[in-house]
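Worksheet: the structure to be examined is printed underneath.
Nothing fancy with the numbering, it's 1 onward along the sequence.
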Amino acid sequence: MFNLGTSEGRKASAFAALLGACIIFTIFAAVGVYLVSGIAKYSYYLALAAHAQIMIGLTAFTALFVRRTIKIGRDGVDFSNAADSAEKVADAAVEKAEEIKEEINNV
């Protein structure tokens with residue numbers, strides 16, 4: 001089904017597993033709230049648990065789709081994400097293009 005030997009295959013299988021788990025969470029919460037709908041206290045606590053499950057699912061999706069790194073060293077803690085890295089690469093490419101343009105104009 002998914003080629004787990006590649007990074008994209010592992011991401012796709014993780015996405016499928018998370019999606020399936022979130023669907024099960026939702027069904028479980030809906031059935032549970034329906035079953036205890038006559039008891040307000042139970043409905044309240046079950047709704048809190050459902051919100052916690054949704055938060056866990058969304059956090060897992062965020063972790064899957066957003067690449068973040070945390071480095072802890074003597075200088076302190078450094079948080080970075082893929083968007084920062086991409087911006088640095090783009091800035092370096094623009095600087096290099098300007099250098100090449102100046103070299104062409106000087107010839």
Side-chain angles (χ1 to χ4, degrees):
M1 183 176 188
F2 298 112
N3 183 4
L4 297 179
T6 65
S7 175
E8 294 300 318
R10 289 188 297 274
K11 285 181 184 178
S13 62
F15 176 77
L18 284 173
L19 185 61
C22 287
I23 290 169
I24 297 300
F25 284 167
T26 303
I27 291 170
F28 174 76
V31 170
V33 170
Y34 174 75
L35 291 175
V36 297
S37 60
I39 306 170
K41 183 178 178 181
Y42 292 166
S43 295
Y44 173 75
Y45 288 119
L46 190 59
L48 285 179
H51 280 84
Q53 289 176 339
I54 290 169
M55 183 183 70
I56 290 169
L58 290 176
T59 302
F61 277 120
T62 302
L64 180 64
F65 293 129
V66 178
R67 180 178 272 172
R68 296 191 185 276
T69 57
I70 300 172
K71 296 179 183 175
I72 301 173
R74 293 182 182 173
D75 299 332
V77 180
D78 178 39
F79 297 98
S80 64
N81 58 26
D84 292 340
S85 301
E87 186 176 329
K88 290 176 185 175
V89 169
D91 290 341
V94 168
E95 289 177 12
K96 189 65 174 176
E98 289 174 357
E99 289 176 11
I100 293 172
K101 185 177 177 182
E102 288 177 12
E103 289 178 12
I104 292 173
N105 290 337
N106 291 334
V107 171

Give a yes or no on whether D75 atom CG has more than 12 heavy-atom contacts from other residues, nucleotides or ligands under 6.0 Å away.
no

L46 versus A29, closest heavy-atom pair with distance:
CD2-O, 4.4 Å

Once ring-ring contact (aromatic ring centres under 6.0 Å, His included) is applied, do any residues pair with F61, and if so which ones, sequence neighbours excluded?
F15

Is there a path of hydrophobic side-chain contacts, each under 4.5 Å between heavy atoms of I/L/V/M/F/W/Y residues, joining L19 to I27?
yes

Report whether V31 and Y34 are members of the same hydrophobic cluster (ILVMFWY, side-chain heavy atoms less than 4.5 Å apart, transitive linking).
yes

Report whether V33 and Y42 are members of the same hydrophobic cluster (ILVMFWY, side-chain heavy atoms less than 4.5 Å apart, transitive linking).
yes

Could you state the interatomic distance from CG (L18) to CD1 (I56), rounded to the nearest 0.5 Å?
11.5 Å

When rounded to the nearest 0.5 angstrom, what distance separates CD in E99 from CD in E103?
7.0 Å

